[in-house]
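Have a look at the structure below, then the notes.
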Amino acid sequence: MTDGIHKDRLDKLEALRADGQDPFPPRVPRGTPVAELLDGFDDRHGEVATVAGRLGVVRDFGKLRFAHLTDRSGSLQIGFQRDRLPDFWPTRKRIESNDLVSIKGELGVTKKGEPTLWASEVTLAGKALRPAPEKWHGLVDTEQRYRMRYVDLFANPEVRRDFMTRSRIVREVRAYFDSLDYLEVETPMLQPLFGGAAARPFTTHHNALDMPLFLRIAPELYLKRLIVGGMERVYEIGRVFRNEGISTRHNPEFTMLESYEAWADYRDIMARVEGLFAHLCKTVLDGRTKVTFRDQEYDLAPPFQKQAYLDLFAEHNPGVDWFDVDSVTRRAKELNLPIDGIEAGKLANDVFEATVEDQLTGPVFVYDYPVAISPLAKRKPEDPRVTERFELFLAGMELGNAFSELNDPIDQEQRFLAQVDDKDDETPGEVDIDYVTALEYGMPPAGGLGIGIDRLCMLFSGSASIRDVVLFPLLRRIDPAAASADPDAAADATNDNGGAANESSQ
RNA sequence: GGGGGCGUAGCUCAGUCGGUAGAGCAGCGGCCUUUUAAGCCGUAGGUCGAAGGUUCGAGCCCUUCCGCCCCUACCA
């Protein structure tokens with residue numbers, strides 16, 4: 001890891017220390033955010049100001065130097081003149097690009113009219129022992145961007161901007177539900193049983209209790225216990241964990257919004273979702289309703305299109321009966337879908353996903369999902385084969401899922417039992433009896449909603465990959481030993497004489 | 001899990017048919033008081049992801065492995 005530049009900077013650090021200068025002082029003058037100084041700059045000429053931030057590339061003219069300083073709010077040109085900086089000038093080469101500095105000076109402009117802080121005092125705030133990536137292209141290598149997000153963030157301003165957008169979205173989602181008198185709550189991430197969604201969980205273990213635990217795949221069942229408890233309107237924004245594949249749309253841990261509202265049904269929740277998008281457009285997009293995602297433009301202005309699940313199914317699978325196993329199986333074979341050991345309803349839904357989902361440009365609400373694939377949703381009185389449930393799709397991507405919550409404990413227990421019978425590794429091996437008991441105490445009719453916050457952020461920031469809206473996406477660990485040694489070759493070498501193995505284990 | 005692509009200096013990238021490892025930026029030594037990817041002169045910097053193999057000779061061809069990206073599958 002020690003290259004020439006690193007060593008050179010270490011030498012500069014030692015030289016500064018030898019001069020009695022602390023390269024990592026506990027505090028320096030903090031200064032004013034750059035954006036504040038640039039605001040109304042024309043009236044600020046001659047004003048003395050202090051700024052603090054990271055120094056960009058230094059353009060050196062011998063007795064005059066320019067560099068931009070960047071802080072969280074923006075960047076401002078700094079002008080260094082030898083005549084003004086008698087104390088700093090002899091050591092100017094030890095304070096260099098990428099160092100963190102605090103600079104006091106006089107606001108002015110250059111001949112070309114660029115706002116500039118003409119430095120009168122330069123204080124090193126933190127020596128950088130490594131250089132910034134290339135000034136023009138920034139850090140491009142995706143692997144390095146994810147592994148060293150700290151570099152990505154200061155080297156690529158648009159990355160910083162996207163994560164500011166994410167922060168803004170989360171804040172405005174809270175503001176929206178808060179304004180509707182919802183209560184923000186926190187429920188267990190460590191759960192003795194997992195449920196509330198269909199996904200493989202991560203497992204862990206509590207030592208003192210000597211108890212196996214699951215990392216939650218959804219907060220759903222706990223939030224509905226709160227509805228039983230009379231909290232009536234609750235939401236949670238929090239991490240959930242699913243032990244599934246990784247893709248541009250899937251990270252093993254992601255952030256989910258779930259909300260539950262007593263005395264509401266799925267129609268009310270549909271209106272809530274539209275209200276949420278309207279609010280986000282107003283606040284996050286400054287009133288715009290159009291976003292560009294994966295080279296396509298989408299209009300997020302409500303109302304959204306609405307289409308019945310079974311209608312869409314029939315449209316894309318003519319002659320196939322969703323509820324008839326044989327007909328669905330034939331269609332699944334036609335589509336080359338795996339069919340062995342897959343429960344009938346799930347198979348039918350697989351056909352739906354294969355034929356319909358990626359066609360859904362949206363935004364569109366797909367509503368009235370069959371009971372078999374909706375174990376927690378209330379049946380529709382007019383047609384007990386389906387439930388009062390909808391999902392929101394955009395760009396072929398599921399953004400949200402909502403339903404009138406099943407509050408019949410007997411029906412709920414039966415559906416849980418059916419799940420246990422069809423046991424696969426995405427459903428728990430036992431019924432969550434306590435949840436059924438909670439329902440037995442009485443839960444008011446309620447509408448619930450789940451929205452993937454990360455995908456929402458992808459949409460609003462125009463990010464094609466979920467990794468661009470997750471600060472530290474999960475990557476395989478780089479094993480220093482494995483990186484330099486082929487196990488087979490090392491084993492062979494050990495068998496022979498061990499020479500190569502010794503070398504490769506360094 | 002399946003398919004495709006990529007990995008060369010700190011960073012961004014060239015590298016032809018298999019024949020001495022290259023450029024720009026950053027760095028270092030200089031010149032320059034109004035630059036904006038500053039410019040000019042000079043200079044240093046390499047485990048070509050790793051290990052094997054083929055060959056007189058491998059960054060390039062073959063095998064295996066490691067990592068990342070994209071598509072696909074599972075999911076949200």
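Note that the structure is a prediction, hence the values are computed from the model and not measured. Letters go in sequence order (proteins before strands), and every chain restarts at 1.
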Candidates rC71(B), rC66(B), rC11(B) - which lies nearest the side chain of Thr248(A): rC71(B)
Interatomic distance, [X] [atom1] vs [N] [atom2] [rounded to whole Å]:
X	N	atom1	atom2	result
Asp141(A)	rA9(B)	CG	C1'	14 Å
Phe154(A)	rA26(B)	CZ	P	16 Å
Glu244(A)	rU72(B)	CD	P	17 Å
Asn401(A)	rA76(B)	CG	P	8 Å
Asp350(A)	rU72(B)	CG	P	16 Å
Lys346(A)	rA76(B)	NZ	C1'	13 Å
Ile217(A)	rC74(B)	CD1	P	18 Å
Asp468(A)	rC70(B)	CG	P	8 Å

Separation between the [atom1] atoms of [N] and [M], rounded to whole Å:
N	M	atom1	answer
rG57(B)	rG42(B)	C1'	35 Å
rG7(B)	rU12(B)	C1'	14 Å
rG45(B)	rC25(B)	C1'	14 Å
rC32(B)	rA38(B)	C1'	11 Å
rG4(B)	rA50(B)	C1'	22 Å
rC70(B)	rU64(B)	C1'	24 Å

Heavy atoms under 4.0 Å, any strand shown: does [X] hit a base, just sugar-phosphate, or nothing?
X	value
Arg147(A)	sugar-phosphate
Arg145(A)	nothing
Gly452(A)	nothing
Tyr146(A)	sugar-phosphate
Gly138(A)	sugar-phosphate
Asn349(A)	nothing
Leu475(A)	sugar-phosphate
Glu353(A)	sugar-phosphate
Ala155(A)	nothing

Parallel, tilted or perpendicular, as decided by the 30° and 60° cut-offs, for the rings of Phe352(A) and Tyr309(A): parallel
Could you tell me if [Y] and [X] have a donor-acceptor pair between their side chains, going purely by distance under 3.5 Å?
X	Y	answer
Glu258(A)	Tyr260(A)	yes
Tyr146(A)	Asp141(A)	no
Thr361(A)	Gln296(A)	no
Thr255(A)	Arg166(A)	yes

Paired nucleotide for [N] [Watson-Crick or G-U wobble; both distances under 3.5 Å]:
N	answer
rG39(B)	rC31(B)
rC65(B)	rG49(B)
rC25(B)	rG10(B)
rC60(B)	none

Stepwise salt bridge (charged side-chain N to carboxylate O under 4.0 Å, His left out) test for Glu158(A) and Arg161(A): CA-CA 5 Å; Glu158(A) 69 281 3; Arg161(A) 191 201 60 214; over 6 Å; no
Ser247(A) side chain near rC71(B) phosphate (N/O to OP1/OP2, under 4.0 Å): no
Arg130(A) vs rG10(B): side-chain N/O to OP1/OP2 distance below 4.0 Å: no
Val122(A) side chain near Trp89(A) side chain, heavy-atom distance below 4.5 Å: no
Asn251(A) side chain reached by Asp454(A) side chain, heavy atoms, under 4.5 Å: no
Contact state string [nucleotides 1-8 of chain B, B base, S sugar-phosphate only, - no protein heavy atom under 4.0 Å]: --------
Sugar-phosphate or base contact per nucleotide [nucleotides 27-37 of chain B; S, B, -; heavy atom under 4.0 Å]: SS---BBBBBB
Which residue lies more 5' along RNA chain B, comparing Leu399(A) with Arg467(A) via nearest heavy atoms: Arg467(A)
Residues Thr204(A), Phe241(A); criterion side-chain contact (heavy atoms from CB on, under 4.5 Å); working and verdict: CA-CA 12 Å; Thr204(A) 184; Phe241(A) 308 86; over 6 Å; no
Under 3.5 Å donor-acceptor, Asp71(A) side chain and Gly74(A) backbone: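 The answer is yes, because a donor-acceptor pair under 3.5 Å joins these two groups.
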Qualifying residue for side chain to side chain contact (heavy atoms under 4.5 Å, CB included) with Pro23(A), from Arg17(A), Glu14(A), Lys12(A), Arg94(A): Arg17(A)
Qualifying residue for ring-ring contact (aromatic ring centres under 6.0 Å, His included) with Phe304(A), from Tyr298(A), Phe365(A), Phe393(A):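 Considering Tyr298(A), Phe365(A), Phe393(A), a ring-ring contact (aromatic ring centres under 6.0 Å, His included) with Phe304(A) is found only for Phe365(A).
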